Structures are given as structure tokens and as C-alpha cells.
Protein chains: 2
Amino acid sequence: MAVTIHDIAKKVGVSPSTVSRVINGKATISSETKEKIFAAMEELNFHPSSLARNLATGSSQAIALIINAEDTKSFANQFFNRSVFGIEKIAQARGFNLIITNDNSADGSPVEQLVYAKKADGIIIPPAIVTPKLISRLRKLHFPFVILGEPAISKNEVNWVDVNNAQGSELAVQHLAAQGYQSIAFIGESQDLVFMRNRVNGFRTGLEAQRLELTDGFIAECDGTHESACQAALALLEKNLRPDAFICSDNAIAYGVISAVKKKGLHIPGEIGVVTFDNYPLALYMEPNLTAVDIDTFLLGEQAAAILFKSIEENGNLQQILINTRLFERESTNRKN
Amino acid sequence: MAVTIHDIAKKVGVSPSTVSRVINGKATISSETKEKIFAAMEELNFHPSSLARNLATGSSQAIALIINAEDTKSFANQFFNRSVFGIEKIAQARGFNLIITNDNSADGSPVEQLVYAKKADGIIIPPAIVTPKLISRLRKLHFPFVILGEPAISKNEVNWVDVNNAQGSELAVQHLAAQGYQSIAFIGESQDLVFMRNRVNGFRTGLEAQRLELTDGFIAECDGTHESACQAALALLEKNLRPDAFICSDNAIAYGVISAVKKKGLHIPGEIGVVTFDNYPLALYMEPNLTAVDIDTFLLGEQAAAILFKSIEENGNLQQILINTRLFERESTNRKN
DNA sequence: AAGGTTAATGCAACCGGTTGCATTAACCTT
DNA sequence: AAGGTTAATGCAACCGGTTGCATTAACCTT
């Protein structure tokens with residue numbers, strides 16, 4: 001049905017191998033033959049079948065990104081698509097396809113399928129699904145993978161890329177201190193998550209660097225909803241020694257904190273400063289608009305893909321990358337105007 | 001290297017065809033043979049190569065979603081990932097992979113690659129890249145495709161799924177009327193885009209249905225930024241006969257409109273009602289939080305994939321689907337409390 | 001001028017499955 | 001009991017490329 005390499009070969013009067021070599025630019029082929037083959041390909045509108053090529057080369061020419069569609073914290077936001085675009089860019093530059101596979105199964109069977117059936121040459125996986133079992137299995141198969149975030153286990157023995165969450169917190173503290181805030185609180189979620197621990201650690205080292213004291217209870221947890229963040233912030237604001245600034249681990253939490261501050265009749269940024277992680281449109285459109293720690297998720301995706309390709313090309317390659325954040329200063333900490 | 005169908009065949013003492021038939025559940029195989037084959041597959045940890053299967057069956061067992069990463073209006077938002085998850089769900093249920101391919105080329109070469117190299121069995125494309133040339137080419141190849149949004153051309157001759165934008169506007173008008181607003185304006189972007197035209201049309205029919213008049217100039221355009229939306233709203237609010245409600249075609253525009261209303265010292269919802277398209281977190285966290293027309297993008301993705309598979313299975317199938325919106329009522333129109 | 005090198009290309013096996021047709025033996029029908 | 005049907009399975013070609021090895025002719029070297 002479709003035009004094959006054999007049709008081209010017959011038309012030009014060469015062997016299929018020669019056509020294959022011309023397509024792939026391998027070996028030395030006389031320019032005369034090359035031209036005739038290119039002309040024939042053009043004329044017959046020939047396009048090599050990736051299906052056949054994949055089988056012959058043993059490569060699917062694809063990488064896969066595993067997601068968990070139910071994990072709205074990680075995937076139902078702007079984080080996700082910018083990363084995807086970054087990954088896709090690197091993949092496309094190499095002629096690879098990007099496959100997206102959802103896996104919220106208990107047994108990880110979708111990932112297993114992908115790996116065993118060789119539907120991808122390598123995978124990018126979220127920290128949430130990383131288990132010792134999965135790691136050892138991928139290792140045994142010499143199947144290249146990279147984790148999109150610092151994993152809770154084996155962090156020195158696997159490839160991963162992450163935002164420098166600690167540096168993000170440090171940046172926030174530094175900026176707040178420069179604006180004259182002195183009693184800073186951090187409101188996040190459960191520290192079961194590595195990125196949250198890293199942010200808290202950065203908060204601590206940031207305070208030390210600025211010679212600011214960490215008041216007891218000023219590292220607060222909530223469940224991530226704005227209501228619970230509001231509760232947590234209210235509790236802190238009602239103390240004798242209340243904070244004069246908050247670092248919030250995402251926009252929803254920041255919204256809750258702002259509500260709490262307003263309820264208390266306090267002024268932002270005059271009396272209370274607020275910095276949030278995640279420089280989403282939300283940060284921009286809230287009132288007041290928010291100083292934010294910006295995470296370059298596009299770059300995160302690019303780096304993840306780059307490491308993965310390195311690992312595909314030279315098995316055994318091991319890399320861990322941290323990407324620094326930047327601070328976008330806005331009304332919520334602008335005490336100086 | 002890897003375990004193949006031949007290894008299983010040899011171990012059990014049958015032909016590879018028999019193993020293939022057992023794997024695919026085709027033909028009638030004695031249960032005795034079946035069991036031996038399954039046991040052998042288990043023992044040798046056999047997994048069929050999708051690469052080989054794809055070549056043999058002439059199917060890539062994948063569908064592709066084409067995106068334009070630079071088109072931030074359509075893809076850099078929540079719209080995107082929920083749709084992706086919906087598409088992926090349907091694909092996975094059929095054992096298909098979902099490929100994401102960015103195409104912001106002038107010549108559409110990434111799509112061409114995908115199609116000619118048979119990297120996918122069908123594609124989902126955004127209206128923005130639909131051209132007569134692309135359509136005729138896909139048609140000629142009998143290559144299944146569906147458009148994720150009503151296309152500007154050939155709307156009756158191709159598969160597409162879209163949000164019922166007109167119905168969304170009608171819903172907004174109906175709600176505003178029920179809340180007692182009588183002089184409603186619509187602020188959107190250029191009507192070059194089909195979805196914008198549909199929203200405007202729905203706005204008109206909605207007004208008629210509610211027996212409300214359309215004041216001259218009350219269909220306003222801006223460039224999509226909140227600043228320009230603010231300008232456009234201010235212009236309307238400074239008229240002798242000012243609107244008492246706004247329907248905004250997205251959250252950024254709504255933010256601009258709110259700024260304008262506040263600048264004029266008017267009260268929301270008391271004096272001015274605001275409804276926005278897109279029920280994003282943004283709508284929830286703005287002040288006041290916004291009554292919003294909700295678009296079920298997950299369902300949109302599911303339906304797009306479903307149509308695509310129908311088209312893959314029975315070539316020539318033709319379907320157009322509109323998905324109705326729902327209204328989430330919030331502070332910005334709540335005149336009654 | 002003879003032996004060695006290199007450029008250009010073909011042969012044939014291979015990647016790992018699927019499937020139309022053929023074959024065999026057991027079972028059914030009247 | 002003979003002819004027809006059906007269940008179970010094998011044969012061999014095929015899907016459309018890639019690649020190691022071999023071959024041939026032209027070119028180089030001393």
C-alpha cells in the first residue's frame with residue numbers, strides 16, 4: 001500500500017540497503033546515486049515507516065512522562081504543562097516522541113507495560129511513585145529513567161532534577177529581611193514530602209544567614225486548602241509575639257493567609273509581608289498582588305529530558321540537578337514606597 | 001536478548017503462531033496448551049514487544065495530541081492538562097499511548113512527520129493549525145483526526161468537539177437577569193476566533209431570550225491583558241448609560257474589569273455584577289470571588305478521544321459534539337444576600 | 001607493475017511479532 | 001459407515017526497515 005524502501009530501490013535500480021544508507025546518511029554513497037534516490041523519494045512521496053525502523057533498531061524513539069492525574073497538587077496546575085513543553089522540546093529536537101501515561105494504579109502496571117513492551121526508551125517519573133521495588137526493577141532492566149523531583153529514597157543513586165526549594169526559601173527570607181521584616185513564619189503542608197522539607201530547611205538556613213530568630217511555632221502546617229491556611233495564620237496572628245511576615249508554600253495557602261491578615265485588620269505590606277511559592281497568574285491577580293518565588297518549570301522539563309537522553313545514550317550516567325528559583329517582587333512585600 | 005515468542009514456543013513445544021494466538025486470544029486453543037503457554041510466559045517473564053507487534057499489525061497503538069506551546073491562550077492553562085488527562089484516560093483504556101507533539105512551525109512539518117511516519121494512528125489537533133491544505137492532506141491519506149474546538153472552516157465535514165460557548169453566554173445572561181441586572185456588557189477578545197464569535201452570538205440570543213436590550217457598544221473587545229480589559233471597562237463605565245453587569249471571556253479580563261469597577265468606586269455585586277468564563281482557582285481567589293462559567297475540559301478530552309477512536313475503527317465516521325457548560329454562582333453576582 | 005587501500009554497493013539475515021491457508025484428528029449427522 | 005464439520009495447530013510469508021560481511025572496481029604507493 002504505502003511506498004517502501006523497496007519501491008525506491010527498484011525505481012532507482014539499487015538495493016534497499018543503499019536506500020536505507022542514504023536515508024540515514026550512513027556510509028559513503030556516490031552523490032549521483034544519492035541524487036537519484038532523493039529524487040525518487042520525492043517523486044513517490046516516500047516516508048520511512050517508523051514502525052519498521054523501530055523494530056529494526058530496537059528503539060521506540062519515544063520517551064514517556066508518567067503522571068498521576070489524581071495528584072492535583074503536582075499535576076493539575078501550571079507546573080505541569082510548562083514542564084511537559086520543556087520535555088517535549090528536547091525530545092522533538094532528537095526526533096523522539098513524548099508519551100504521557102497516567103499511573104494511579106496500586107501496582108504500577110501502566111509503567112510496567114510501558115517498560116516491558118518497550119513502548120519508550122526511557123521514562124520520567126514523579127517522586128510520588130518511586131518505590132525501592134520500582135527502582136530495582138528499572139535498574140535490573142537497565143531501563144533509563146529520571147525522577148522529576150528529588151526522591152525520598154536513593155537520592156544519590158538515581159537521576160533526578162528538582163527546583164532548589166531550599167534556595168527558594170532562602171531567597172524569600174533574604175528579601176523579607178531586606179524589607180525590614182524580622183519575625184518571619186513559614187506556612188506549608190505536611191513535611192512528609194521532600195520538597196516541603198527542603199523548603200523548611202531553607203527557611204531555617206535563610207533565617208540564620210540573616211541572623212533572624214526562629215520563633216517557636218513559626219513553622220506551621222496546614223492541609224493545603226485556603227481555609228486551613230487561614231486557620232493556621234490566624235493562630236499565629238493571635239499570639240503575643242505575632243509574625244510580621246509569612247512565607248507560603250503555594251498560592252492557595254497565600255490566599256488563606258491574606259484572608260487571615262485582613263480579618264485581623266492588619267495591613268499588607270505595612271504590617272505584614274507575604275511571599276508565596278509559585279509565580280502563577282494567581283499571585284499576580286490577588287489583592288494585594290504577591291511577591292513570589294518563581295520556579296522555571298519549563299527549564300525543569302528540559303533538564304529532565306536532557307538527563308534522560310544522556311542516560312539513554314550512555315547507560316550508567318548519573319546526574320542530579322537543582323534549578324535555582326528567582327524572586328518576583330510585588331506589592332505584598334513592598335514596604336518602601 | 002529479550003525473551004521472544006519463539007522462546008516460549010520452543011519451551012512449550014508448539015509453534016510461534018500458537019503462542020501469538022494465545023496472547024491475543026484469537027482462534028480456539030486447547031486449554032491444556034493455553035495453560036502451558038501462560039506458565040512458560042510467566043516463568044520466562046515474557047512480555048511481547050510492541051515494536052514487533054506494531055510493525056506486524058501496521059498500527060502504532062498511539063494517538064497524538066498536537067499543541068502549540070506558544071499559544072498560551074489555549075495551552076498554558078488549566079484547560080490544557082485536564083483535557084490531556086481526559087484524552088489519556090480513553091487512550092489507556094484501549095491500550096493506546098498518548099503522544100504530545102508541539103507544532104509551532106510555519107509548515108506543519110512536525111504533524112506531517114507524525115502522520116507520514118505512522119507514529120500515531122490518529123491525531124487531535126487544535127483549531128488554530130487547521131488549514132484547508134492540512135484537512136485535504138489528512139483526508140487523502142484517510143488519516144483519522146479530530147479537532148479540539150470548532151474549526152473556522154469545513155465545520156460540517158470534519159470531526160470536532162467543543163464547549164458550547166454560546167450556551168455558556170446564555171447561561172451567564174440568564175443568571176444575571178435573574179439577579180436583576182438589566183444592562184449587560186460582554187468583554188472579550190478579537191472575534192477572529194470562532195469560540196469568541198460563538199460567545200458573542202450566545203450573548204445576543206441570551207439577551208433576546210431574557211427580553212433585555214443590547215446597548216450599542218456593549219460588546220467590547222480588548223487584547224486579553226487585564227490592563228486592556230480595564231481600559232475597555234472604564235470606557236463603558238464612563239458612558240451616560242453604563243452597564244450594570246459584565247460577562248468576561250476569561251479570568252484575566254475579569255480581573256481588569258474588577259479593577260475598573262473599583263476605580264470608579266462602584267460596588268460588586270451591589271451596583272455591578274461580574275461573570276467570567278473559565279472556572280479556574282483564579283475565579284475563586286479573586287476579590288470578590290467570581291461567578292464563573294465552568295468548562296468541563298476533562299470531558300472535552302474524553303469526547304475528543306472517543307470520536308477519534310470511532311474514526312480509527314470505522315473510517316468515514318463523522319461527528320461534531322458540543323459540551324454544555326455549568327454556572328458556578330459566587331459573590332460577584334450575589335445581589336440577594 | 002604488483003600489492004594494498006578505499007569508495008560504493010549488494011546479499012542475506014535479522015528485528016519479533018501476525019495471519020491466511022493448509023493439515024490432521026476427532027466428532028457429528030443421517 | 002461414509003461424508004461433512006469443527007477444533008487445534010503448524011507452515012511460511014509478511015510487515016518495512018537495518019546492518020555485518022563480502023565483493024568489485026578504481027585509485028594509491030613505492
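If you're wondering where the values come from, they're calculated on a predicted model, not measured in any experiment. Below, read A as the first sequence line, B as the second, and so on, with proteins coming before strands; counting in each chain starts at 1.
The 5' end of DNA chain D is approached more closely, in terms of each residue's nearest nucleotide, by B:K34 than by the other of B:K34 and B:A56.
Put simply, the side chain of A:I66 reaches to within 4.5 Å of the side chain of A:L114, judged on heavy atoms. For the pair A:R137/A:Y116, a side-chain contact is recorded, criterion being any heavy-atom separation below 4.5 Å from C-beta on. A 4.5 Å side-chain heavy-atom check between A:T101 and A:I67 finds every atom pair outside the cut-off.
Neither OP1 nor OP2 of D:dA7 sits under 4.0 Å from any side-chain N or O of B:T28. In this structure, B:S15 reaches the D:dG10 phosphate: one of its side-chain N or O atoms is under 4.0 Å from OP1 or OP2. Between A:S50 and D:dG17, a side-chain N or O to OP1/OP2 separation shorter than 4.0 Å is absent. Listed pair A:K26 / D:dT19 meets the phosphate criterion, a side-chain N or O lying under 4.0 Å from OP1 or OP2. At C:dC15, none of the side-chain N or O atoms of B:S49 fall inside 4.0 Å of OP1 or OP2 (strictly under the cut-off).
Summarising the geometry, the separation between CG on B:L51 and C1' on D:dG16 is reported as 13 Å, rounded to the nearest angstrom. Whole-Å rounding puts the A:L55 CG to D:dC14 P distance at 17 Å. Counting to the nearest Å, the C1' atom of C:dC14 and the CZ atom of A:R53 are 17 Å from each other. To the nearest angstrom, P of D:dA8 lies 14 Å from NZ of B:K36. Rounding to whole angstrom units, CZ of residue B:R21 and C1' of D:dG10 are separated by 8 Å. The distance from atom CD1 of B:I37 to atom P of C:dG17 is 13 Å, rounded to the nearest whole Å. Atom-to-atom, NZ of B:K119 to C1' of D:dG16 comes out at 15 Å; the value is rounded to the nearest Å. Rounded to whole Å, atom C1' of D:dT24 lies 15 Å from atom CD1 of A:I29.
Without hydrogens or angle criteria, A:S49 side chain to A:A52 main chain gives a donor-acceptor distance under 3.5 Å. Between the side chain of A:E150 and the backbone N or O of A:K155, no donor-acceptor pair lies under 3.5 Å.
Within the helix from C:dA1-D:dT30 to C:dT30-D:dA1, the inter-axis angle between the opening and closing five-pair segments is 30°, rounded to 10°.
A salt bridge does not link B:K36 to B:E43: none of the charged nitrogens lies less than 4.0 Å from a carboxylate oxygen. Under the 4.0 Å criterion applied to side-chain N and carboxylate O atoms, B:R82 and B:E302 are not assigned as salt-bridge partners.
Counting non-hydrogen atoms of neighbouring residues, nucleotides and ligands closer than 6.0 angstrom, the CD atom of A:E314 exceeds 12 such neighbours.
Distances were taken from every side-chain heavy atom of B:S20 (C-beta onward) to each of C:dT18, C:dT9, D:dT18; the shortest belongs to C:dT18.
Here A:N54 lies out of heavy-atom contact (under 4.0 Å) with every strand.
Remark: the B:S17 side chain and the D:dC11 base include a donor-acceptor N/O pair separated by less than 3.5 Å.
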Please test B:S20 against B:S17 for side chain to side chain donor-acceptor pair (under 3.5 Å), starting from the C-alpha separation and ending with a verdict.
CA-CA 5 Å; B:S20 171; B:S17 346; over 6 Å; no

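The stretch residues 4-14 of chain A touches DNA chain D through A:T4, A:I5, A:H6, each having a heavy atom within less than 4.0 Å of the strand.
Looking only at atom types and distance, the side chain of B:S59 has no donor-acceptor partner in the side chain of B:T57 under 3.5 Å away.
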